[in-house]
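As a basis for the values below, the full set of heavy atoms in this structure was taken, side chains included, without hydrogen atoms, waters or symmetry mates. Protein chains get the first letters and strands the later ones, always in sequence-line order, with residue 1 at the start of each.
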Amino acid sequence: MEEKLSLLKEQLEKEMKEIKTATDVENIRVEYLGKKGKVVEILKNLKNVEPSKRKEVGQKANKLREEIENIVEQKKQELKEKEYENRIKNAEKIDITIPVDDKIGSLHPITIVQKELEDIFTGMGFTVEDGNEVETEYNNFEAVNVPKYHPARDMQDTFWLENGELLKTQTSAAQNKIMLKYGAPLKAIFPGRCFRNEALDASHENTFFQMEGMMIDKDVSISNLIYFMKTFLSEIFKKEVEVRLRPGYFPFVEPGFELDIKCPYCDGKGCKVCKNGSWIELCPCGMIHPNVLKMGGIDPEKYSGFAFGLGLSRLAMMKYNINDLRALNSCDLRILKQMKIK
Amino acid sequence: MYISINWIKDFVDLDGIDVEKLIYKFTMSTAEVEGITKHGQDVDGVIVAKVISVENVENSKKLHKLMVDTGKEKLQVICGAPNVREGIKVAYAQVGSTVSGQKIGKAMLAGQESNGMCLSEKELGISDDHSGIIILDDDAPLGENIKNIIPVDDIIYEVDNKSLTNRPDLWGHYGIAREIAAITGRKLKPLEVENLDLYNNLEKLNIGVEVKDDENPLCLRYSSMRVENVTKKQASWKVKVRLYYCGMRSINLLADMTNYIMLELGQPMHAFDEKVVSSVNVKTLDKDIEFVTLDSQKRKLDKGTLMICHEDEPVGIAGVMGGLASEITDNTTSLFLESANFDAVAIRKTASKLDLRTDAAAHYEKTLDPELTKIAIARFIKLLREEDKDIKVTSSFTDIYIKKYPHITIHMDKDYIDKCIGKVLTMDEIVTTLTNLEFGVKVDGKNLTIDVPSFRATKDVSQKADIIEEIARIHGYDNIEPKTNLWKISPVPKDPVRELEYDAKEMLAIKYGMSEVHSYVWYNTELNQELGIKVRDNLKIVNGIVKLDNTLRREMAPTMLYAIDKNLKYMPECKIFEVGRTFDYEFDGKDAKEYKVLGIGLASTKQTEKELVYEAKSMIDNVVNINRNLNAKYENMVNIQYNWIHPVNTFKITVNGKDIGYITVIHPKIKDAINPKASIVVAELRVDTLGEMIKRDISYKEVTKYQTVNFDLSLIVDKDIKYSQIEDIINTANMKYLMEYSLVDIYEGNEKLQNKKTVTIRFTIGSYTGTLTKEQIDEEREIILKALNKNNIFINE
């Protein structure tokens, strides 16, 4: 009986060597360990074994069964591993360089820049206001200290409408309404589309975007204006910018300034953006004219403030290195699709 | 405006001052400088020489062979100028000299050696005249550097006119010199003028000024004097070169001198030939007339235009331009001098209407100081006498002064100044600055009483803020340190419409791959015609440069179609949106209503119209939902107002019962005009209305702990039954355990079922209190089947 057992083991090991598939393994398992398998047969015949050896043979047979189970299990694992290896080896090789659906759309560059600025200003406690595009002559001109026949009207060729109103030439057109709405103190920005009756070329558009801001409180000084402009321009350009003020004439401010920044693209060394001038004229600003405050229902003896204007179209052009203003209103997706979302 | 540094030096000593640094300071303290030109740097070694002989050159009609005497040597020069003659003194560019930046060498002309050349004014860079060579005065010393005879060297800087709009005092060199004196801290020299009192005994001139409105006279002051015995015809080199460098052309002595005074003092002057104009009447036209101006143009003048008349005959348009008939000619020896002040608005209106923006008009519209008229005459006579010593003044100073501007005094204290600037300045600095700018200043402790000089008092300086500017700009804005204050900070309320706008834009771009565009707010008439788009009449622009495109958009759709039309030329697909304004001009009212509208344009040569409509619907659903949590309802639109709208496939969008837009397939006629192979769908949505709707709060709905059951029903329905009709049946069937249902599929391809379609719907049923039994499930199924059968809808077995 014992001989039979060791013969069985030898025979199994031999058979195992030739095995190739999981089915073969299963067949062998059945052959040896199944209900009618060879090992089970031996165990069944234990009763024919001499009682004194019965225990020993029984143990050996059980041990053999365990061994066979292990061999089978091991073989199964081996085969499975091999199968995985084969599957991996034969897997289709994916070409990652093939173009895929990268269909994310695009926001207009003005929207992107405007949102960025609005976020900066709301973070600084400014409300965002909306103006109309069709405005009254009063709001666009008179209320910002530009009476009829004032030479300053030359600076802005106006689209006049048949009802005597106009397409607003400047975001300042909203100043009066906002002052009347909120009174002082006041911190507001008001971005919007503006219009000038001009022939189009690379640097002139009849439709463009500005953003204007006002801050009115007690004791607002020129020094405060400089601080403020420097702070938010540094936010916009994401670096500390150097600013300088020059006198500039805008009827709704007194004193009025042209604010230049040291070119943030070349740090003033001279480049394409600043046309080698090292300073970029960026933003008209000034202390709000007492007449404008008065017309807005705010007492200039009690309150003072500053106002500033930013050319959104200009900033968008700077940001994306666009050299033709007309690109912005072109509706040309070959251009606009390049802008993405942020 | 061009500023000559030589001219400035007449009034301020600039010795030891770096001119470029000075110009930079001017930019930082007064007005923007647009450019600097250095004249004369490209000219070197040009001297005075005398032409001692002139011979014709063989085989040349034009060229002459000259001998010129430089005082040191006699040289042969070949010259082509028609005005060359023996005995004249010329500007001679020797061999080795530099002209227009070019080295002059020996040359061979028509086989003859030429040692250098005789220069024209253009070659010397002092005018555009190239008709002949310069002929110098006989007393010019031989061999003298030409720059000592003609002031060729000068630095000219150009000031941006716009930045001088509010500074009438800076429209002349003397005013600029005053600024420069204040900037540099040097003294402004007093203006040298003729003492007009010397002529008080002479006869007065005959001047009449019509005044219709005492408060707002059109002519504020008219001053005049008569000068006779003017024999010189040409102004000196100094005057001619300065005029040229400052952008004017030399004409003749008298015209040049009036222009010179305008450039020096900012006061326009006019010289009439006294033989034609011996007396003056200033009055408005009582009828429309035609009038020939100095530039030989016949112009139509409206009734009411202010004119200068001799007796009743108009001789000049006041403040704009003189008439041709009374022009100074070479024969003029006596002149009637006008130095006047006119109403800025009236001059501006006239000049705009005539499209005749002369230098005089540009000065007057800045509101000049009427005090200037007398100073200008006194200066004119002084300078004219320098040009022509034989002139005779034959009248007394005659002056009609209608309106004086009130004298302005401003009281303020130093603390206020410091507070506005945000820096503490010394009283000394404040007083010096104001005094240098010719303000009168009285100090009493911290209080200042400031007298505004007349040339700043016409409109420029009237209140405290104006004084702050004077002090701060001369102090230098660069010298003010940035400082913050601790203002009260309060939270910022968000504008719901704006928030929606951004959210919607981002979603359309990210989720749907759409591109945002910006179009124009008016219709494109030409494209409308080309594509067959008919728009309704709306508010119009009356003065646009492009005359055709004058109608403001009432709908977004046409501007979306323009963009689609443009892009489909380059790409098979165009999916765009814009949030913009549309305008609704109510003719019974005066104002245009303005709406904020989302326009969506979908065009594709690869997708069907149906697919695009569903894409648009998905977008609208999500825009409505994105931050308001609302739902949109759609129904066929009945009232069709526009010809781009598809008569059948057009859908009205409502939210909370409010009409907020539509989706439409584009009418095949217009679509084919854009691209016959494409499907095009547009949608409009009123974001302003939607943004103002109240957000629907979401409250959590419990999920059942028990197993739910799904079953599908395939319903056979008529082809034109709408899904919403089936929904209505489901929603009113009173099912007990319905959790949700959804559309699985709609199939129309079954040939056995003509005019029918199969709609498969998945029902999910369940209970919060236990797992459903088989009986409960069957019962639920029965309820819905019964409801469907009642509506003649049966299931596909």
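Interface summary for chain B: among A:Gly256, A:Gly105, A:Gly248, A:Ser223, the most heavy-atom pairs under 4.5 angstrom belong to A:Ser223. Among the candidates B:Val492, B:Thr559, B:Leu508, the residue making the largest number of heavy-atom pairs closer than 4.5 Å to chain A is B:Val492. Taking chain B as the reference chain and counting heavy-atom pairs below 4.5 Å, the highest number among A:Thr158, A:Leu166, A:Asn206 is found for A:Asn206. For the set B:Ala362, B:Ala465, B:Ala346, B:Pro493, the entry with the most heavy-atom pairs within less than 4.5 Å of chain A is B:Ala465. Contact tally against chain B (heavy-atom pairs below 4.5 Å) for A:Pro300, A:Pro247, A:Gly125: the top residue is A:Pro247. The candidate with the highest count of non-hydrogen atom pairs below 4.5 Å against chain B, out of A:Pro109, A:Ser304, A:Pro290, is A:Pro290. For the set B:Thr30, B:Leu164, B:Ile468, B:Asp495, the entry with the most heavy-atom pairs within less than 4.5 Å of chain A is B:Thr30.
Within the 4.5 angstrom heavy-atom criterion, no atom of B:Tyr595 approaches chain A. Contacts of B:Ile564 with chain A are absent, with no heavy-atom separation under 4.5 Å from either backbone or side chain. In this structure, chain B has heavy atoms under 4.5 Å from both the backbone and the side chain of A:Thr111. Using a 4.5 Å cut-off between heavy atoms, A:Lys340 makes no contact with chain B at all. Heavy-atom distances place no part of B:Glu470 under 4.5 Å from chain A, backbone and side chain included. Of the atoms belonging to B:Met28, heavy atoms from both backbone and side chain fall under 4.5 Å from chain A. Interface remark: B:Asn567 contributes side-chain atoms only to the contact with chain A (heavy atom separation under 4.5 Å). Using a 4.5 Å cut-off between heavy atoms, A:Met229 makes no contact with chain B at all. The contact between B:Glu594 and chain A is made entirely by side chain atoms (from C-beta outward), counting heavy-atom distances below 4.5 Å. Contacts between B:Lys494 and chain A at a heavy-atom distance below 4.5 Å are absent for every atom of the residue. Using a 4.5 Å cut-off between heavy atoms, B:Ile576 touches chain A through its side chain atoms alone. Interface remark: A:Glu254 contributes backbone and side-chain atoms alike to the contact with chain B (heavy atom separation under 4.5 Å). For B:Ser29, the part sitting under 4.5 Å from any heavy atom of chain A is the backbone (N, CA, C, O) and nothing else. Heavy atoms of A:Phe126 lying under 4.5 Å from chain B belong exclusively to its backbone.
Taking the ring centre of B:Tyr570 as origin, the terminal cationic atom of A:Arg334 falls inside the region bounded by 6.0 Å and 45° from the ring axis. Geometrically, A:Lys115 engages B:Tyr502 in a cation-pi contact defined by less than 6.0 Å to the ring centre and at most 45° from the axis.
The residues B:Asp478 and A:Arg244 are annotated as not salt-bridged, no charged nitrogen and carboxylate oxygen being separated by less than 4.0 angstrom. Ion pairing between a basic and an acidic side chain is recognised when a charged N comes within 4.0 Å of a carboxylate O; B:Arg498 and A:Asp130 show such pairing. Remark: A:Glu301 engages B:Lys464 in a salt bridge, criterion side-chain N to carboxylate O under 4.0 Å.
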Could you check A:Glu162 against B:Asn550 for side chain to side chain donor-acceptor pair (under 3.5 Å), going step by step and ending with a plain yes or no? CA-CA 10 Å; A:Glu162 58 190 321; B:Asn550 60 357; over 6 Å; no
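Atom CG of A:Leu259 sits about 12.0 Å away from atom OH of B:Tyr477, to the nearest 0.5 Å. The structure places CD1 of A:Ile226 at 9.5 Å from NZ of B:Lys423, a figure rounded to the nearest 0.5 Å. Of the inter-residue distances, the one linking B:Asp160 atom CG with A:Tyr249 atom OH reads 13.0 Å to the nearest 0.5 angstrom.
Here the closest heavy-atom approach between residue B:Gly580 and residue A:Arg193 is recorded as CA-NH2, 4.2 Å. Pairing each heavy atom of B:Ser515 with each of A:Leu333, the nearest pair is CB-CD2, 3.6 Å. Contact detail for B:Leu552 and A:Val134: the closest heavy-atom pair is CD1-CG2, 3.9 Å. Nearest heavy atom pair, residue B:Ile510 against residue A:Ile341, reads CG1-CD1, 3.9 Å. Residues A:Asn163 and B:Tyr585 come closest through the heavy atom pair CB-OH, 3.2 Å.
When atom types are taken as modelled, the side chain of B:Glu469 and the backbone of A:Pro255 share no donor-acceptor pair closer than 3.5 angstrom. For the pair B:Lys566 (side chain) and A:Ser330 (backbone), a donor-acceptor distance under 3.5 Å is present.
A donor-acceptor contact closer than 3.5 angstrom links the side chains of B:Tyr520 and A:Glu205.
Ring-plane geometry between A:Phe159 and B:Trp522 is classed as tilted, the angle between the planes lying from 30 to 60 degrees on a 0 to 90 degree scale.
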